[in-house]
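For reference, the structure discussed in these notes is given below.
In what follows, chains carry the letters A, B, and so on, assigned in the order in which the sequence lines appear, proteins first and then strands, with residues in each chain numbered from 1. Every heavy atom of this structure was used, including side-chain atoms; hydrogens, water molecules and symmetry mates were not.
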Amino acid sequence: MKIKSDTFIRNPKDLWKGEPEHTEVRDLSPHIGFNQITSDVVNSLENPRPIYWWAIAICIAMVGVGVACEVHQYKTGLGVSNKSNTNVWGVYIASFIFWVGVSHAGTLLSALLHLTHSDWRKSVFRYAEAMTTFALMTAGLFVIVHLGRLWQVYYVMPYPNERGIWPNFQSPLVWDMFVIGTYLTCSSIFLYTGMIPDLAVFRDNIHDGWRKKLYTFLAMGWQGTDRQWRNFRVAYLTLSVYLIILAVSGHSVVSSDFAMSQQPGWHITSFPPYFVVGALYSGNAALITVFIILRYMFRYEEYLNMDVLRKLVRLTFALAMIWTYLHFIEMATVWYGHDQAAKDQLIFKATGVYAGWWWLFNFLAVVCPWVMAFRRWQTNLPVQMVLSLLLNVGMWLERWLIVAPTLGHSHYPWTFDFDQWPSYIQWGILFGSFGWFGLLLLVFCKVFPAVSMYELKELAYARKVELRHAHAEEGHGRPELATKGAH
Amino acid sequence: MSIANLLQNWSRYRDTHPYGGAKPHMGYKWAMAIDMDICTGCNACTVACYAENNLAVVGKEKFLNGKSMHWLRIERYWHDSVEAGDPIELADGKEFKEGKQFHDQGAHFLPMMCQHCEAAPCETVCPVGATNHTQDGINSQIYNRCVGSRYCNANCPYKVRYFNWFNYQDPATENVWPEPLNQQLNPDVTVRSKGVMEKCTFCVQRLRAVMVDARTEERLVREGEVQTACQQACLAGAISFGNMLNPESRISKQWMQQEVNIALDAQPKNKHVGDAVDKRGYRILENLRPYPSVMYLEQVRESAV
Amino acid sequence: MIENNFNRRDFLKVLGWGGAAVALSACGNTSVEDGTEFVTAHSTEGMPEYAIPGVYVHFNSTCAQCDSGCSIVGRVREGRVLKLEGNPESPINKGKICGLGQAGLQAHYNPDRITQPMLRKGDQGETITWEQALTLINEQLGGVKGNEVAFLTGGVSGHSGVLLKNYMDALGSANHYAYEAVTPSVVRAANKKSYGVEMPRLHIDKAQVVVSFGADFLGAWVSPVNFTQQYAKFRKGPNGSRGVLIQVESKMTLTGANADRWLCIRPGTEGVYALGLINALGAAGFKVPSAAAAIAKDYTAERVIQETGIPAEHTEKVVALLKERTPSLVLFGSAAEGYAHGSQNAAAITLLNHVLGNVGKTMAAPASVPFPQIAPKVGNRHALHALNDKIAQGNIKVLFTYGSNPVFTSHSSLNFKENLKKVPFKVVLSHYRDETAMEADLVLPLDSVMEDWGSSVPEYMADAAQINIQQALSEKLYPDTRGFGDVLLALLKQRRPTEYGQYEDFYGYLRNAMVQNKAALGGGTASDDMFWQKTVSHGIIKLPAKAASALKTPTATKLAFAAAAADEAYPLHLIPSTSAHMRDGRHANIPWLQESPDPITTVVWDSWVEIHPATAAKLGVVEGDVVEIASRSGAIKVMVYVFKGIHPDAVSVPMGYGHEAMGRYAKNTGQNVFKVLDSVFDKETGELALHETRVKVTKTGQKVKIVKDEGPYGGGQAGKRIALRKTTDKVNLSKEV
Amino acid sequence: MSKRHLLALFDSFDEAGEAILELRGAKLKGFDTDHDMIIKSPIEHPEFNRVFGPKPVHVQWFPLFGSIVGCTFLFLLVSGSQANFFEQLKGGKPIVPIPINLVMTYALFMLSGVFLTVLGLFVCAGLPARRLPLYSSKVLDDQIGILVKADEATMPVIKAILTKHKAIEFQEEAGK
Amino acid sequence: MIRYFLSLTVLLAGLFAAATSSADNSTIGDGVAPGANNAAAAAAKEKGGYVADYDDIFKVKGGPEAKPDTEIKPLMWNSVDEVFYDELGPHVEQPIEFPHDRHAGDPNKVNPDGKTGDGINCMYCHTYARRSLTSGIPPLRKCIGCHQNIPSVRDTPRIEKLFEYWDAGKPIPWKKVHDLPDYVRFNHERHIQRFIFKQERPYKEVCGYCHGDVSSMTVARRVKTLSMGFCVNCHKKNHALDNTFTKAGHGPNDCFMCHK
């Protein structure tokens, strides 16, 4: 059945307006009823704004570019990516770290904030969690793209084979394989588990074709009985605990790809926290970007509203500051340490051929976030849109500037190599990866509830409770805790 | 059965392999010494290596892009800038520091190949265990196991590992060995395919051949029974190679005489500099603790002229 | 538990990689392929007992990459020669072999070899059979007088030399020209004059100090393999003091790069410096023969400094060293000889040797082969000019060319190429379709060295006299190639059938010739077969050493050096440098050599011009700039390599690059420096003075990335302890194992 | 006496809560509140805890078990495979390096934990579940449903009580 | 709970142990190794990337006329029509259907063709096995050497064909049955020396371990996978004999020993 709702009648013109300063916005208005939440979400999936389809088309095109580049590279050999025997790594590894980083914000919101019962997360965590999963999938692709003989990637997997040999468990890459695999599996499980009640709602509200079957299958006969809710709460809590540990360990292991090695600029003790925080930072920036896009695309103005955005931005700013601190700490330890090679490496970054990029990255990732400190801009959508994109560019550069300069300027002067620039193949595949990520995310948001309905309802319920207390103090009667809207 | 192995030989698996720890090499420890005072930099070793190990000639463009495949490269250093080691000219030609007017004490030639480190940084990081340490102290590289993650190269302090960026044996694309050039290829050495890492193997095919004979005759390989291609070609005899565990071998005598201990990361002789004037032996980047198996003998220049 | 037929791909599907797995399995590329796995040996006849598949057989032969005459061992397996090593029995190379020699393999397996005789039709060539070719030659020779036939070769020796001589006699022609573009012919002349022999035996290992005036004896001079081995001994200093090498030259050669002191001298003033040293030695109280002293007395320290530009303190140190450490040895090579007054320089330097009393100590008379007819006929540059004149006058009707590529190596002011058109019938015996072959009317494909039989006598013999046997290491790659000896024999059969009809092929001739003289060759009483077997299996015949005659001591004659006149239009000296691998360019089509970096500059696959930083600053060029190097005779465009190993008044371009033909690896690789050489000749010998060309360097504005092995820090070490050097005078290496 | 099902839908948690309390208090014969009454709601209903009192949850034991078993297994797997015939010698390292194996052990600690958590959820919450005899899609949308099972005799009483508390809609099984 | 945990751990450990030791089962087939490697080898052969066979060498050396009339068909996935292919490698069509059973078979056993074998030692013909990497196929000379003295079978079709080759002076283009991938260094000599000459085991057992009971085949057929697991299982076993290279009695477990 179609649920008519007034949420459609809305003036698209005031979309880009930030909320006026004086109005006191809550993360969810107390006047929204359960029914309206359901209908909004369901209907937003039914027909999103047309830009959605444009986005899909663009993403597919981008994926096409990436695939074309990869096919060429697969046929001809990695040489077409214009690496050298000195710069053996490049954009691929940097992007791998970048995508793993993007994945972390989702976990932060869905797991950590869930444990701390910060309610404002309830409207954003679902798509954040989805981003986690898809970002990890993208990261995994980069590992494979990067391999010289990717058709034999299964050599890395530990399974009893007839050759009687095993992967080298001492290699950080194998740890990556373990931890990223675990992280991917767990986060997708987490995503799915959290969706079960909402899937049940869809099962009841969608009546056509394959989607009905899909939802019916996935909802697994959820009926919201008290027994189900009880166990669900505990299970979800447990999962979020695991997810937090995973997120931290995951990027620490990724950082050990570098920290475990011997190269100047990589062999740094503070890399794990540095990477983790950097991941949260860039992830949150990406979150803001997607926030603004979804808000418009699926008409989520009611739920992805300015108050939530403001909180998100503040969180991002805080993380940015922590990361900045670690960034300087890392440089300081190198600068005051005894390792001359690492010191040279740092100087090289700041003055060598990569200097321009290095300073740009410092500007983007260290200076730019300060814009978020100003209240007037925290809810200004265009500003936040551009800003979040810039931050992501900065953080990608950060990863690339960890990988490239060290390879070109490591221990052995004879093999120093300053003039390796990634070929269009590498850029093309990076470009394609964004398309791939966007495509997955868009399809997800179209098919599954991108905002969590039952948690919003809980939120609405909580607001009503507050309302009741307020009324009680004012001495009026005691309004019911009705699930309907209060009008 | 692995679990049984684990439980029975636990202590054995806890030994640090193979240098230092309680675990000795099994009969062999191949090592090399290169005397840079008599190395003339004539490139005979390089060509010999190309001939012996089926190295691909990559051509001008790829060489320019740093995709050259010389397992053994001759590096040429100048010592006459103001402080030794400072760049004389940067790539863009501008004078970085004003050195002398001429290279008037000649060049310094340094043949650099895989150092077969005892604690090789490349070994621990290979995800598939394509590069391991063999019982006889060689840093092995199994081409067919390699998946091409290139982590070994990224972690190699000497950057002596070379990656097959293209399919060099494919006549359709890179025709490195056009007919009949391919008939020269050494049947004892794999022609590496696209996407695998390769490096100097101490001419393992020669070593294995004589070791197999030795086993058949129930003895160890004798000194002088086997030579690496570069050693055999070296006109001046600057390269010596052999089994360090054989006290009769020249290599062991050299390491002994030069007071270079393979299991140390800093040689005691370096503490008292003055009196060790003709102890020229040293190992490159020793301080990074890869414990390389190649000892270099310092170049000497006469101060009387 | 895994079931027996466990399948990886199933497992991948289990892991949920199904999609990927399909792609992987489709590719199927699971093995790193080796070039050469064999089914096994199966042949009817011809498969000799020793040829076991999978087992190496070693055959001895002789390297023909250059004229040093090193003996080599070919490692043969399944009928293919896979690797060359040095033959330990040879006193010349004692089991070693240089990179150039190693690369002989790729000369054998080279994809650009000519496989069939080719006859010119217009500007096309059509393949013909050998019979046609030989009859054609016969016809062409029919109409012409003997003296109108000329044979241009490189240095020849051994029995092919004998056949060549006999053939020329049969034709009644005296026009055999042995031409080598890069060869120390002035050195030979000067030695002959001073010591009575062209190439005395050098005992570098016995010397304590070696002063080399541009003799690149470690690189490309006379017999580098032998000299390098001596050099190693010399450095170790068997008698306790490490030998000291002082190199005096204007452009750093490989030897210069290994010198303890590299003295950068103004081009052409080597003789002045030699006499200056004599003078200084006298002044330092060294006993100098009066005649020499008389000649040297004008060369005061001031004059020497002013003319050579070598600072005084270096000279003093050198003198002191020469004074206290004897014996010493003074060598001189292309850098000294390559001027109009090259012979004068040479004479001065030989005189210095005499003054230092090295004659007889570190230089001895060479052994000589008792068979003059197989003695080496070394080439020189003068031969080509003589031939060129004859051709220009139209006196040559038929020209045979073998073992040299004059169209490429002759300087353009000779315009040999145009003159060649005056020759009605040109026969070129060659391996490649090189520049000269392109001009030919008939091209005859030769066997590679690995396929051919032959004998040779090296010019420089390190020990007693020896004859090298060149043995076929593998069967022919192409059925229609023939050895030089076979061709000569075939031609001779046309002329003297009675005499040579008995020999089926050159192998038969060679064997016969050897076996006949087996007594003289130390064969003793062995049977013919025994003797021949022994000879071939050793690859070398050491002749019983005769008592070497003493060297004649140089006599001091008045010397005059043309002062290098300042040239406004063409200010800079051009030094065409000889690299050990490229030589005069005959090996330019060997990929290994093109890819192995030049030792000094580490440049590959291209030619470059070395310019001193000061000069570069003056010209406003930096590394990678393409400059035009113009002389009075021509111009080439090459890229700049800024280099502190060259005199500011000089620029240097390597020889051997810039082929217009010859093959896929050589063609259009680099620039041909021969083009710009002026025709200036040494006054006494009439040799082309390679170093006399003056050039001007102008910037073209073009810029390229220079293809070299060294990193952006050049030879620097960025403060790391990579290449360590001790500078000391009290190190004793003689005790080292 | 055959039993019948009745599903009543409420708009407000208060009403539903009152209704449950009263049903409890009514002490009807053959009607046990704990077993014969199931609450269905769009969100977890904190209000009802005071009605039912706390009910025990056992999910948390599954991950504990899973994690411990998982990491033990993985440690054995990794170190066992390192100790097989092809021991991969790494210069300067033992063949079985314990701290390194702990990294992966830790990963599987979490993986198996997560798996068993989900397993626990399915087991305890009885998922996947078959649809109860009476169901209205509204209970997941915006209404609270009370499903009771009782004798036909007592059914009218129950219905009365529910109606009293503003049950806006009833669903009944067809009579037999 | 604790008891559960313990029991499950033990169970898993046991399972895993079995899994890792399952390579002891010498009949494990590797899904890819033999087939795909042949395919890849042949692929490279077909590409002409190198000269793959002795008769190719011969052709190049002896000129076109010495080129064998039948060339080796590339054994590739896409040429199944030419060569029937299964996991154990190709069913090879040899130019002459050589009866191994007749030559090497048991003299006391009667073969399908009604004849008994001659019980000839493998190494009588495959004479290089004890001194080279490859076992080798005898020169045609060897076949003729015997067969010209055996008039009884002189005009049977196979012998006719044999003599045709002999008269034409051409090698018989036998095809390789046991084709190891090219990155493997297998040394016949070492194995023969160890097991036949040192341990004095019957040659049928030693050769047969990898080649199967050839004496009961006509044309040799690959019966063992010859995959890495196959080699490993044997190398694992303890054939304690000498104490020179490794103290252990098993074969070398060093990758570089067999991989080149």
Side-chain angles (χ1 to χ4, degrees), chain A residues 3 33-35 37-38 158 160 164-166 168-170 174-175 178-179 181-183 185-186 189-190 193 196-197 200-201 203-205 220-236 238-239 242-243 245-246 249 253 256 453-455 457-458 461 480-484, chain D residues 11-15 38-48 52 55 57-60 63 77-78 81-82 84-86 88 90 93 97 100-101 103-104 106-108 110-111 113-115 117-118 120-122 124-132 135 137 139-145 147:
Chain A
I3 302 172
F34 284 18
N35 183 315
I37 294 175
T38 313
I165 46 180
W166 296 83
N168 169 19
F169 292 106
Q170 299 191 26
V174 174
W175 310 347
F178 269 88
V179 173
T182 307
Y183 191 18
T185 324
C186 295
I189 288 176
F190 188 51
T193 319
I196 291 179
V201 176
R203 174 197 61 203
D204 297 342
N205 290 322
M220 291 196 303
W222 178 274
Q223 299 169 34
T225 65
D226 47 358
R227 177 185 171 200
Q228 290 173 335
W229 278 118
R230 249 194 341 264
N231 294 292
F232 180 81
R233 176 170 46 80
V234 180
Y236 198 64
T238 324
L239 284 181
Y242 274 114
L243 259 284
I245 317 175
L246 255 174
S249 77
V253 165
S256 68
M453 285 182 282
Y454 78 90
E455 295 221 15
K457 288 175 183 172
E458 284 173 1
Y461 182 78
E480 278 195 335
L481 288 181
T483 59
K484 291 253 184 295
Chain D
D11 249 351
S12 131
F13 281 93
D14 299 351
E15 307 293 353
I38 296 178
I39 318 294
K40 303 181 183 180
S41 59
I43 65 174
E44 193 188 2
H45 29 66
E47 299 296 308
F48 298 165
F52 289 112
K55 293 202 174 178
V57 178
H58 298 300
V59 179
Q60 63 271 31
L77 174 97
V78 169
S81 56
Q82 280 164 331
N84 76 349
F85 178 64
F86 287 115
Q88 299 178 348
K90 303 296 174 195
K93 303 271 189 305
I100 282 172
N101 295 359
V103 176
M104 281 152 292
Y106 190 57
L108 211 76
M110 291 175 287
L111 184 61
V114 166
F115 277 138
T117 314
V118 178
L121 170 64
F122 289 177
C124 300
L127 292 174
R130 280 176 52 253
R131 181 163 297 201
L132 292 173
Y135 177 72
S137 69
V139 297
L140 289 184
D141 176 8
D142 60 350
Q143 295 184 355
I144 298 97
L147 179 69

Could you go step by step and tell me if W166(A) and F86(D) meet the ring-ring contact (aromatic ring centres under 6.0 Å, His included) rule?
CA-CA 9 Å; W166(A) 296 83; F86(D) 287 115; over 10 Å; no
Would you give the length of the straight line joining atom CD1 of I37(A) to atom NZ of K457(A), rounded to the nearest 0.5 angstrom?
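It comes to 6.5 Å.
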Residue pair T38(A), V201(A): steps toward the side-chain contact (heavy atoms from CB on, under 4.5 Å) verdict
CA-CA 8 Å; T38(A) 313; V201(A) 176; 3.6 Å; yes
Looking only at the aromatic ring of each residue, does the gap between the centers of F190(A) and Y242(A) stay below 6.0 angstrom?
no
Could you look at Y135(D) and say if it's the side chain, the backbone, both or neither that has a heavy atom under 4.5 Å from chain A?
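Only the side chain of Y135(D) comes within 4.5 Å of chain A.
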Side chain, backbone, both or neither of P63(D) within contact of chain A (heavy atoms, under 4.5 Å)
both
Option that, when pairs with chain D are counted at under 4.5 Å, heavy atom only, ranks first among [options]:
options: T238(A), V253(A), L239(A); result: L239(A)
options: I189(A), V179(A), T193(A); result: I189(A)
options: W222(A), F169(A), F232(A); result: F169(A)
options: Q228(A), R203(A), R227(A), E458(A); result: R227(A)

Quick one: side chain to side chain donor-acceptor pair (under 3.5 Å) partners of Q82(D), sequence neighbours excluded?
N101(D)
Would you please classify the geometry between the Y454(A) ring and the W229(A) ring as parallel, tilted or perpendicular, with 30° and 60° separating the classes?
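Tilted, since the angle between the ring planes falls between 30° and 60°.
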Options G120(D), G126(D), G145(D), ranked by heavy-atom pairs under 4.5 Å with chain A, top entry:
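Option with the greatest count: G126(D).
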Against chain D, label T225(A) side chain, backbone, both or neither, depending on which of its atoms sit under 4.5 Å from a heavy atom there.
both
